[in-house]
Each structure stands twice: as C-alpha cells, then as structure tokens.
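To keep things clear, I will list the structure first and then write my remarks on it.
Letters A, B, ... mirror the listed sequences (proteins, then strands); counts begin at 1.
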There are 2 protein chains.
Amino acid sequence: MSVRVVSSTPSAYQYPLLIKQLLLTPLLTAPEQEITYQGRIRYTYRTLKDRIGQLANLLAGLDVQAGQTVAMMDWDSHRYLEAFFAVPMMGAILQTVNVRLSPDQILYTLNHARADILIVNSEFFPILAEIGSRLKTVKAVVMIADDGASPVAPISTVGEYEALMAASSPDYNFPDFDENAQATTFYTTGTTGDPKGVYFSHRQLVLHTLGCAAALGGATRQGHVHREDVYMPITPMFHVHAWGFPYLATMMGLKQVYPGRYQPEVICRLIAEEKVSFSHCVPTILHMILTHPLASRTDFSGWKVLIGGSALPEAMATAAQKRGIDIFTGYGMSETCPVLSIAHLESPMLERPQEEQSVIRAKTGRPLPLVDLRIVDDAMRDVEHNGRSTGEIVVRSPWLTQGYVGSQSASEDLWAGGYLHTADIGNINPQGYLKVTDRIKDVIKTGGEWTSSLQLEDIIAKHEAVHEVAVIGVPDEKWGERPVALVILKPEHVGRITEHALRNFSAHAIEAAGVSRYGLLLHVRFVKTLAKTSIGKMNKRLMRADPDALCL
Amino acid sequence: MSVRVVSSTPSAYQYPLLIKQLLLTPLLTAPEQEITYQGRIRYTYRTLKDRIGQLANLLAGLDVQAGQTVAMMDWDSHRYLEAFFAVPMMGAILQTVNVRLSPDQILYTLNHARADILIVNSEFFPILAEIGSRLKTVKAVVMIADDGASPVAPISTVGEYEALMAASSPDYNFPDFDENAQATTFYTTGTTGDPKGVYFSHRQLVLHTLGCAAALGGATRQGHVHREDVYMPITPMFHVHAWGFPYLATMMGLKQVYPGRYQPEVICRLIAEEKVSFSHCVPTILHMILTHPLASRTDFSGWKVLIGGSALPEAMATAAQKRGIDIFTGYGMSETCPVLSIAHLESPMLERPQEEQSVIRAKTGRPLPLVDLRIVDDAMRDVEHNGRSTGEIVVRSPWLTQGYVGSQSASEDLWAGGYLHTADIGNINPQGYLKVTDRIKDVIKTGGEWTSSLQLEDIIAKHEAVHEVAVIGVPDEKWGERPVALVILKPEHVGRITEHALRNFSAHAIEAAGVSRYGLLLHVRFVKTLAKTSIGKMNKRLMRADPDALCL
C-alpha cells in the first residue's frame, strides 16, 4: 500500500497525544472548579496545576529522569491525582502499587518494576518495615503523613510530601516527547502465580479518556456523565488508574472528591455533603455501602454508579434502583486500560419495571467507539449475535497493554492471533449488548456442556434469604463437574431455611429461566464467609481448592 | 529526553487510527438504524457497510490506487456519506469539490489536486460542459443521476453510479495502513487569490470525531447530542466534511437524514417527517429557513442547531429561541477540520431570559478537549482572559491542516511560531467562553483604535426594521476608516424609516453598549442585496470595493 502520508510544513506543530494536554481545556474553562480530599482539603484546578509543577520539581530534585519509575502507595487522594499527571508528564513512569497485596507480593512488584522512587502513606509503614531492607532499586522514599502526624518511618526517607511540595516551585516546563512513551505500570492480581505487570502509554491513556467521554456523553438520559457532575472514585486509584476516570473527570473539568481509604461512613457522608453524582465500583463495595447502617439515612437518589470488575447480580441492580441509584455496568480488565464497553439503557427501556431493567443494567455493555469486540469460538470464528451463542471475548482497541512486563510467553498467549484474549465467556444480543457469562476457568463443564456459574448465582441471589452467593464447579465422577452454590444467609434467616429448600427454589427458577438443564445438578451449602481476592472479587480458585472449608 | 517507548509483543495489534474503525461500534450496536436521502431513499447501517464495499470495488475496477484522488461533486446525500468512508478506507483521497465556486475555480481545484476520478451529479453537467475539455488528470468520470433520469453527459463517462454499484461486490477487505495517510482534501474559498488546498489524515479525522463527541456529549442539557438524536447536515458536505459531523453521527449510530440541495421547503418537511433533532449551518441558511413561508407552519421545537462559519447575530439567536430552537455556536475554519470550540450554556444560564441567553449562545464557545487555544498580541503573548482584552486567536490541536497544498510560504505564514494563525480577533472570558469579534481584515481602524464591525452589526440588527446588515470600513481622510452599515430593510418597513433614523437608533445603542466611541462615526445606507461568498458568508471585500454599487 503506497498511501500518501501527509507532509507538514516545517513550522507546523505535530501534536503528540500526551497526558499534559488533558489539562488544557479545564484550565481554560474551569480554573476555579474544586477538588477535595475527604472534604478536609479543598483546592481549585488552578492549584492542581501548580501542585503538579511542584511535584515534578520535587521529583526532579530527587534526580528522577525520563524513563525512570515512581511508585505510589496511597489511598485515593488528591496526591494520587497529582501523581497521575506529574509523573508521566515528566516522561517518567507511575507505578500504582496495589496496597492490598501481601507484603511479599508488594515487594515483588516494586523490585520487578525497578521502582526508583517510592511515595508512601505512613499508614503502610508496617508493610514498609517488613520489606524495606529487601527493596533492590528504590533510591529515595517520600513519606505521606495524613492529618499532620509525624510518624517514624521504618526506613530512611527524604522527607514528608507536603513539606517537600512547599519547598518546590510550581513552575515546570513539561516537554513534548513521543506519545508512545510509557506513562504507567501496575500488576494484575490473578488468582495464580506471580503478579503480572501491564503498561500503558500516553497515547493509550489519552485515547481511552476520549473513548470513555464519547460513550458516557453519548448516553441519552441514563448514565449520562456531563460537565455538572461531581465525581468520586470508589475503585482504587492503584487499580487500573481507577478505571481511567480521574483523567476523564479532569479533562471535563468536573468537581472531584477523593475519599481516602474506603470507609462506608465517610463515603456516605461525602455523597451527601459534596453532592457526588458519579462513581464507579465493584459489586462487593457497593454491597458494603448499601448494607451499612448509615446507608439507610443517606439519600442516594440520582447517584450514577458504574459497576465493573465482576458481574453485577441482578438482585443488587434492583436493590440499588430502589434506593434511587442509577446503576449500570461496564466491562474491562487490567490488560485493557480498562474500559471496553458500557451498558446504557435506551429511553424505552427506562419505562420498564425495575426488575426488567436490571437484566440490561447487569449486562456488560455496548462497545466504546473504536473498540473491535468479538465473541469467537476456538477457531476464532465469530459466533452469532443472538444473545445466546457464547464464546471467548477477544478485542482490539487503541488502549490495550502491548504485553506483560518481562514475560514473553504470557504476552504472546494474551495476544494470540492478533486479538487480546480476555479469557471471559460471553454473548452479544442483536442490539449489541455484551453479556459476560463467565471466566473461562469459572465455567462449569457438566455432561459435556458449559453451565454458567454467574447465571446460577443470579438465580440464587434472588431468594430473600440470601446475603451473598458464589457458585463453583466441583469434580463429579459421573458428570465431570457439578455446580455447588456457597451461600451466606442474611442473619435473620439463619436456621429458618434449609439447604434443601433453597436448592428446590433454585431448581424451579433454573427451569423457568431456561438455563442449561445441568444446572439442576446444583448443590447448595451454607457458609460463613466467601474467599475474596485483594480487590474484593470472589476468589473461586480458593473456594474450589477446598469447598468444605467454609461450610457451617 | 530518553523516555521509555512501550514495546509490543510480536502478536500485539498496534491499533492505527483509521476512518474504517469509526464503523465498528455502530455496526455492532445499531445495524438496523436508518439513513435516508430526502426521505425518498432509505437504508440501514448494514446496507451502508455493503455499499461502502461496493463503492470501493467500483473504484478499484476503475484502477484507483492508494494515494490517488477521487473528486466528488454532489449535494448532501447518502452517496456522499458512502464516499466519506469508502475512498479514504481504500487508502485513496477524497476531494470534496465546492460546487458553488465558478466553473473556472472548480477546474482549478480539480487540476491542482490532480484528481484521478470524478463522481459528478448530473445537475452539474453545465459546469462539466464548460470545463470538461480542460481537466488535466481525470481519467474516469462516474455520473450520478438522481430520480432515475438518464441525462446526456457532456463528456464521456464510465456509467451511472447506481448501475455501477449494483454490478459491484459488497465484499472488500479494507487494509490497515499508516494513520497519517491523507484521507481528504478540499479548497478554501478566501475572498482573494486562488483557492487554497487543505488536507487531513485518517488520524486527524478520527481524533476530531472523538473531540466533538466528547464536547457535545459532555453538555449537561443544552446542546447535548446523544444516541437518540436524528442528524441532518445543513452545512454542505463539500465544506470541511460538513464540519465532520457525518463521521460523528455514524460513529454514534444516529439516524441520518441527507437533504440534497438546500431547499427550505424540503428542509422543513424533513425536520417534521423525520423528526430531525440535530443540525448545523451558517446563519444565512438558518435565516433563509426561518423566513420561508413554510417555516411558520413547521414545529422547530427541540431542534438543536449548531451555528458556525460566521458570527451569529444575537437577534437571530433570540428569534430562533422563540421558535423553540436550541441554537448555539461553534468556531472553526477550513484549516482546522473544522471544530475548535462550542458554546454550551450551563444550567443556571438556561434560567435567564432569552435575550440574555443569546449573548452566550452567540459566543463562539469553549475549546474542545485537547485544543490549545490562545489569544495573543503581536508578540505572541497571551492577553488576559477578562472578556474584554482582544488579540489574534492562535491554536494547536491534533486535527489542523499541516499546510496548504503546494504553497510553502502560505503554509509557513499559517503556522508562524508553531501555532496555527486563524486571522480572527477575539477575547475569552473567565469562564473560558471565546468571543470572536472580527476577522483581522474586517476590523475597522478608526482614529488609531479598532472598532468591531460585528458588534455594530449586532446592534443594528436589533432594530425591528432591519432584515440583514453588514458593516464595513470605508476610507476616511480624517479618521483613517469609518464604519458604514449596509442595511436591507424588511419589505414592510421600506419607505417608513430613514437612514438617519436608523443611525440615531444605533448611536444610542452604541453608547449604551460601551462599544468604541468611534462607532458613533457610523453611516447607514439602505441596499437591496448584500454580496455573499460561494458558501453564503458576507463578502466584505466586494462590499468595500464598491459600497455605493448596491445602494437603493
């Protein structure tokens, strides 16, 4: 192909897609807009710009060079937002450390990423005490002391964040450079093996931000995110850039609220006092908020909540709607920056009863612009878009990790055949709504057929006695695998319902819903707790390893 | 700067930003959505995809290669939309020919762009008869015959568009290539000199589409463009890609309505019958529609109309609001793809009286994401953003022409100092709203001060007797220049008001509005017509050349 590539006159500016350019519009149109940390610290976008300059000068003073890595260990804060911009804008790489990993895993990720600088909240000093002497590449540690405390660091630091910021100039001339420069890195927390590092460039993050803006802005009513929204993340900023929404909120010039560590009472207070109107979280966090005693006294109406990370149970979607929450679902993963699709409801759908809406609200969405999302069989052939045929979800988009850090074989597996393999199973209906039915490894293979553990969970969760449920496959001589539901009952129902009764309830619902007939092989077991991963997802690997361990 | 450029595992797909990828989402989520030509021809996005393939095969059959140029002469139609996609997707370049230029100018642009293929509506055969023998590079002509007519072409053609399409396969494997490949070209119609060619790449058009989607989607209420809108352009598709909105409408999966040649009765009918909810046009076209007899019987309520191309008079903004039209303004030019800014109103502004809203609706907007828009003095220093200080508007964005075709000195002038010079004068207020006050060449230099011709036009247009007005500067021995208003009266006021009376009315308003006191030197002259350019803008160069020619 000999296309004609456009030529630029020598003086023309060949605009690279860099994170710094997301700041252009808000600084012109919303310089007085607010950013607050827990309602206790509050400043304007104008100050954000100054503090980004101060942080860059602070880091330059520690001899941070382009291409070096600055690691961050903090809860969701204005400081994290500053690092989201300042570090990549210098040409350095921001490592967002998952503080919920074990100390040894955290050590692994810091050494593996070759972090040069560590910015760490004093809350994590117990971790630092455990791993500090084994950090191989960190040459300087900056301490964050919330509440003006002066904690004693377990290893030598160069000083406290705010003191160092105060001593730094706000003027920093952020240079232009290659838009494919790496901006961020973080480690995915699979349920097996060492954490794997993914990485994203300036170009990828800018395009992800524009893609999300187009999808959330194009919504007619439901889930429409607009310039007068107030944004608060409830997905950690260490987890896939809080789904990239701090970049989006900044580009749009929104009021931003950072809640620190997730405490239901703080979150409920901030929603009320700061008039938060747009958040995102995993289902377990929303569950934690809505079941907290304070929640009954909090007005959630008009709060848009985008759910992702794991499947939204339809029962939770209905419960949220009853509280006035505009709940809807997105889809993505660490490898995908993350957003690939968002499930908006069209106007006629909003006229339907809440339970019917929940079916759509719990779907995982319609692809964002530029996302090439396919459902394929083992031979990479597309399955029909009839809402029933399932296959693996594979994707292309301008914002997918180009591999795993230092792992060639895993990288090639991820990208086999030129499409990123999500290892998720799903279907698409004729209106383009994606429904993720399972992780490949969570599908229950019974009698030669696949049974969706998520469908079974949805059915069981609808019973009034059920607080939480996970369905796993356990080995079975006759059927290969059979499904087992691990169920936490609501306290008031303990002792008042039998496993057998719940199983019978489910069997009727399975037949009514037209789920695979092998779902009828379901066993029900009551448990006290369910194993979770570090970010609050169900850990089915652990459950499968010993399904009896947790039984009552 | 030694940034770390991300490395891709060999199998990873390195996503280029290509126009073909704008089709991915609508084909998945809106395959049955409608596209109609005048309500007479109607098909789905699925058919659009097939016809894009057919057009590509048709052109490939004419030996069109990547890098070659396909010129189009048609009114706004589904065929034009097909060409917007098929031609660039092949790696070829679409030349959108301004059919309102003189035949000699059209000939100039076709020869200058080295057009290989010409697709031409039989309505333009009189032009073709005049220039056909002088076309230097065109090797094949495809004829478009609307209404199944079989007109006789003045030069040899290879056949009729629909017949050739019917004979072509819908299957075409559109390849990947460099995102900086040129996609389009067209010629700007300045008021002096030969038309100048600008050009845009796939990357630029994709980013422009995302930037517009983010801006129009991020609006809270006023001017919010969403997935349930019905789109109809009333800015020609030959003029800066109809401002790029056919690409946006397609990416969003909107119902699209193409009106053909702009006839007020057809436009009014389509708005009513097809439920058009989003359009864009220059003020003179809206004026033509609203003053047509049919308009009084047409319900325009809820119709979003984005105005650009020249300043929106506040009086027209108020008149449009009274008809229920959600009128607002954007800013850009041929060299800028075109959109740079859009003036959305915030919710509190919508509570104000219509006349007050008109002041904001007539401003030229807040910059789109990624647009670096500055107002600078002669030394490229930023002026204050106080809503009063004026200077030249200069810009950077990812979608600006990188020069003029074959004109190095004009290209360098355009990009002097690394910013694109718009030659427009404006100011920005503290909320980031841009107000274009004049073209550099339309500013009236009186007594050493600049007087804005647009401000004076706004004042005079508010008089009930005034149908249309243009203010120009004419030489004056004492003052250098003095302003002269050329006024077309409404028919019912002719003979009932004097030039002197209108001048006095204006003088009072000029004092009240705080316009430069040199505005008081204004003369008023009644005229029958006002000179316009080929796209309906005021041609002030012609008016200045002979201001008396048009007087009554």
Side-chain angles (χ1 to χ4, degrees), chain A residues 1-13 15 17 21 24-25 28-29 66-67 91 93 175 177-178 180-182 199 201 210-211 213-214 217-220 226-228 251-252 346-347 366-373 396-398 402-403 408 411-412 415-419 431-432, chain B residues 1-13 15 17 21 24-25 28-29 66-67 91 93 175 177-178 180-182 199 201 210-211 213-214 217-220 226-228 251-252 346-347 366-373 396-398 402-403 408 411-412 415-419 431-432:
Chain A
M1 290 281 301
S2 55
V3 294
R4 192 194 303 173
V5 169
V6 294
S7 62
S8 297
T9 192
S11 291
Y13 183 67
Y15 196 109
L17 299 176
Q21 286 149 340
L24 287 167
T25 313
L28 195 69
T29 64
I93 295 151
F177 44 75
D178 188 333
N180 295 306
Q182 189 180 331
Y199 48 94
S201 69
L210 290 173
T220 302
H226 55 76
R227 291 201 192 88
E228 293 173 31
M251 182 185 83
M252 293 179 73
E346 296 171 357
S347 294
R366 309 214 279 189
L368 264 54
L370 306 187
V371 172
D372 181 9
L373 189 148
R396 288 174 167 177
S397 90
Q402 296 285 293
Q408 208 183 328
S411 300
E412 281 296 294
W415 275 105
Y419 275 82
Q431 290 76 45
Chain B
M1 289 283 299
S2 54
V3 294
R4 192 193 303 172
V5 169
V6 294
S7 62
S8 296
T9 193
S11 291
Y13 182 67
Y15 197 109
L17 299 176
Q21 286 150 339
L24 288 166
T25 313
L28 196 69
T29 63
I93 296 151
F177 44 75
D178 188 332
N180 294 307
Q182 189 180 331
Y199 47 96
S201 69
L210 290 172
T220 302
H226 55 76
R227 289 199 195 91
E228 293 173 32
M251 182 185 84
M252 294 180 74
E346 296 170 356
S347 294
R366 309 213 279 188
L368 265 53
L370 306 187
V371 172
D372 181 9
L373 189 148
R396 288 175 168 176
S397 90
Q402 296 286 293
Q408 208 184 329
S411 300
E412 281 296 294
W415 274 105
Y419 276 81
Q431 290 76 43

Please name the pair of heavy atoms, one in A:Gln402 and one in A:Tyr199, separated by the smallest distance, quoted to 0.1 Å.
C-OH, 3.4 Å

Check each atom of B:Val6 against the heavy atoms of chain A and say whether the ones under 4.5 Å are side chain, backbone, both or neither.
both

Checking A:Glu228 side chain against B:Ser347 main chain: does a donor-acceptor pair fall under 3.5 Å?
yes

Is B:Leu368 close to chain A through its backbone or its side chain, or both, or neither, when contacts mean heavy atoms under 4.5 Å?
backbone

Sequence-distant partners of B:Glu412, side chain to side chain donor-acceptor pair (under 3.5 Å), two or more places apart
A:Thr9, A:Ser11

Determine the option with the most heavy-atom pairs under 4.5 angstrom with chain A, choosing from B:Gly403, B:Gly91, B:Ser397.
B:Ser397

Just by distance, do the side chain of B:Tyr15 and the backbone of A:Leu370 share a donor-acceptor pair under 3.5 Å?
yes

Pick from B:Ala66, B:Gly432, B:Gly218, B:Gly67 with the largest number of heavy-atom pairs that fall under 4.5 Å of chain A:
B:Gly218

Under a 4.5 Å heavy-atom cut-off, does chain A meet the side chain of B:Pro398, its backbone, both or neither?
both

Any idea which of B:Ala214, B:Ser411, B:Ala213 has the most non-hydrogen atom pairs under 4.5 angstrom with chain A?
B:Ser411

Do other residues, nucleotides or ligands put more than 12 heavy atoms under 6.0 Å from the CD atom of B:Gln408?
no

Treating B:Arg366 as the side-chain partner and B:Gln431 as the backbone partner, does any N or O pair qualify as donor plus acceptor under 3.5 Å?
yes

Relative to chain B, which of A:Ser7, A:Ala416, A:Gly211 shows the most heavy atom pairs under 4.5 Å?
A:Ser7

Per-residue tally against chain A (heavy atom, under 4.5 Å) across B:Pro175, B:Ala219, B:Ser201 peaks at B:Ala219

